[in-house]
Amino acid sequence: MTPNSSQDHSVESLHRPLFLWSLPFTFLYFSLPIISKMFGATAFEIGGLFTVFTVTTLVLRPIVGWMLDRFGRKIFFVVALLIYTLAMCVFAFADSLNWLYAARFIQGIGSAFLWAAVNTIVADLTPSGERGGAMGQVTATTTQGGLIGILPQLSQCSFFQMILAGRLLS
């Protein structure tokens, strides 16, 4: 086994957790404005949900990058997944627009940790001539997860809407 083949395996070991991590996100981005509207949000407030995430990520990424150089990469990847778990729990139990804002803020923190760590891990473990392909594989993995993840979620929405429609018609 050559050093590059073990390094390639290390980069590929990111694929499964990133695939699983990405399953809820296409549906989340689709449903976030709908759920916000159900809580009475204005268009400005719905836009704010996307802005909070972006600004949080933008502010934290340089700080996280600095910390990655001092404390290593793996811990930030693991912590990012834990932060995202917390964000998903807050989304799941959110009963107001304020809780959606809190979830998006937490998600922004997770994003700063996750993508700084993932990109650095891939860059560290991939030969320079193969980094573009490795980064592309990470993007493809997360996109596939999002596309596959939305199918059961939309099916559930359709199923529950049919049940609700049946109850209303009875």
Side-chain angles (χ1 to χ4, degrees), residues 6-36 46-95 99-126 130-160:
S6 68
Q7 289 175 346
D8 292 342
H9 177 70
S10 295
V11 171
E12 288 175 8
S13 67
L14 292 174
H15 290 192
R16 180 175 289 168
L18 288 173
F19 176 81
L20 295 172
W21 161 85
S22 65
L23 288 171
F25 287 111
T26 301
F27 185 77
L28 176 68
Y29 298 139
F30 166 77
S31 65
L32 191 59
I34 296 166
I35 295 166
S36 304
I46 292 169
L49 287 167
F50 291 90
T51 302
V52 162
F53 171 84
T54 303
V55 169
T56 303
T57 302
L58 179 71
V59 168
L60 289 180
R61 271 201 183 167
I63 297 165
V64 172
W66 177 83
M67 293 185 330
L68 283 168
D69 289 339
R70 277 141 190 84
F71 305 112
R73 283 83 160 108
K74 184 178 179 182
I75 187 68
F76 285 89
F77 180 71
V78 172
V79 168
L81 295 177
L82 293 172
I83 292 169
Y84 266 107
T85 300
L86 174 62
M88 290 300 118
C89 288
V90 174
F91 276 122
F93 295 105
D95 61 358
W99 281 109
L100 290 181
Y101 270 95
R104 287 295 280 175
F105 176 72
I106 296 166
Q107 187 184 16
I109 295 169
S111 175
F113 276 66
L114 183 80
W115 291 111
V118 167
N119 291 334
T120 306
I121 289 168
V122 171
D124 286 349
L125 297 178
T126 308
E130 299 173 22
R131 286 187 189 133
M135 297 281 189
Q137 284 296 320
V138 166
T139 300
T141 297
T142 59
T143 302
Q144 289 167 354
L147 291 174
I148 291 169
I150 197 169
L151 297 175
Q153 293 164 344
L154 287 177
S155 298
Q156 286 179 342
C157 288
S158 298
F159 175 74
F160 289 119

*What pair of heavy atoms forms the shortest contact from Leu68 to Ala117, and how long is it?*
CD1-N, 3.8 Å

Using distance only, find each side-chain donor-acceptor pair of residues 85-92 under 3.5 Å and give its atom names and separation, not counting sequence neighbours.
unit_1, atom_1, unit_2, atom_2, d
Thr85, OG1, Leu81, O, 2.9

*asked:* Using side-chain heavy atoms (C-beta onward) and a distance below 4.5 Å, is Thr56 in contact with Ile106?
replied: no

_Give me each pair satisfying salt bridge (Lys or Arg N to Asp or Glu O under 4.0 Å) with a member in residues 46-60, each pair once, sequence neighbours excluded._
none

*With no hydrogens and no angle check, is any side-chain donor or acceptor of Thr57 less than 3.5 Å from a backbone partner on Gly108?*
yes

_Where at least one partner belongs to residues 60-71, residue pairs that pass salt bridge (Lys or Arg N to Asp or Glu O under 4.0 Å), sequence neighbours excluded_ = Asp69-Arg73

*Nearest heavy atoms of Thr26 and Ile150, plus distance in Å*: CG2-CD1, 3.5 Å

*Would you indicate whether Phe50, at its atom CZ, is surrounded by more than 12 heavy atoms from other residues, nucleotides or ligands within a distance under 6.0 Å?*
yes

*Which atom names give the shortest non-hydrogen contact between Asp95 and Trp99, and what distance separates them?*
OD1-CD1, 3.2 Å

*Checking Ser111 side chain against Gln107 main chain: does a donor-acceptor pair fall under 3.5 Å?*
no

_Using every non-hydrogen atom in the two residues, find where Ser22 and Gly145 come nearest and quote the distance to one decimal._
OG-CA, 3.2 Å

*Could I get the full list of ring pair (Phe, Tyr, Trp, His ring centres under 6.0 Å) partners for Tyr84, not counting sequence neighbours?*
Trp21, Phe25

What donor-acceptor contacts under 3.5 angstrom involve side-chain atoms of residues 131-142, with partners at least two apart or in another chain?
unit_1, atom_1, unit_2, atom_2, d
Arg131, NE, Ala123, O, 3.0
Arg131, NE, Thr126, O, 3.2
Arg131, NH2, Ala123, O, 3.4
Thr139, OG1, Met135, O, 3.2
Thr141, OG1, Gln137, O, 2.8
Thr142, OG1, Val138, O, 3.4
Thr142, OG1, Thr139, O, 3.0

_From CA spacing to verdict: side chain to side chain contact (heavy atoms under 4.5 Å, CB included), Ile83, Leu114_ = CA-CA 9 Å; Ile83 292 169; Leu114 183 80; over 6 Å; no

*Can you check whether Leu49 reaches Phe53 side chain to side chain, under 4.5 Å on heavy atoms?*
no

*Which distance, rounded to the nearest 0.5 Å, do you find between the OG1 of Thr51 and the CG of Leu58?*
11.5 Å

*Which residue pairs satisfy the ring pair (Phe, Tyr, Trp, His ring centres under 6.0 Å) criterion with at least one member in residues 60-83, sequence neighbours excluded?*
Phe76-Phe113

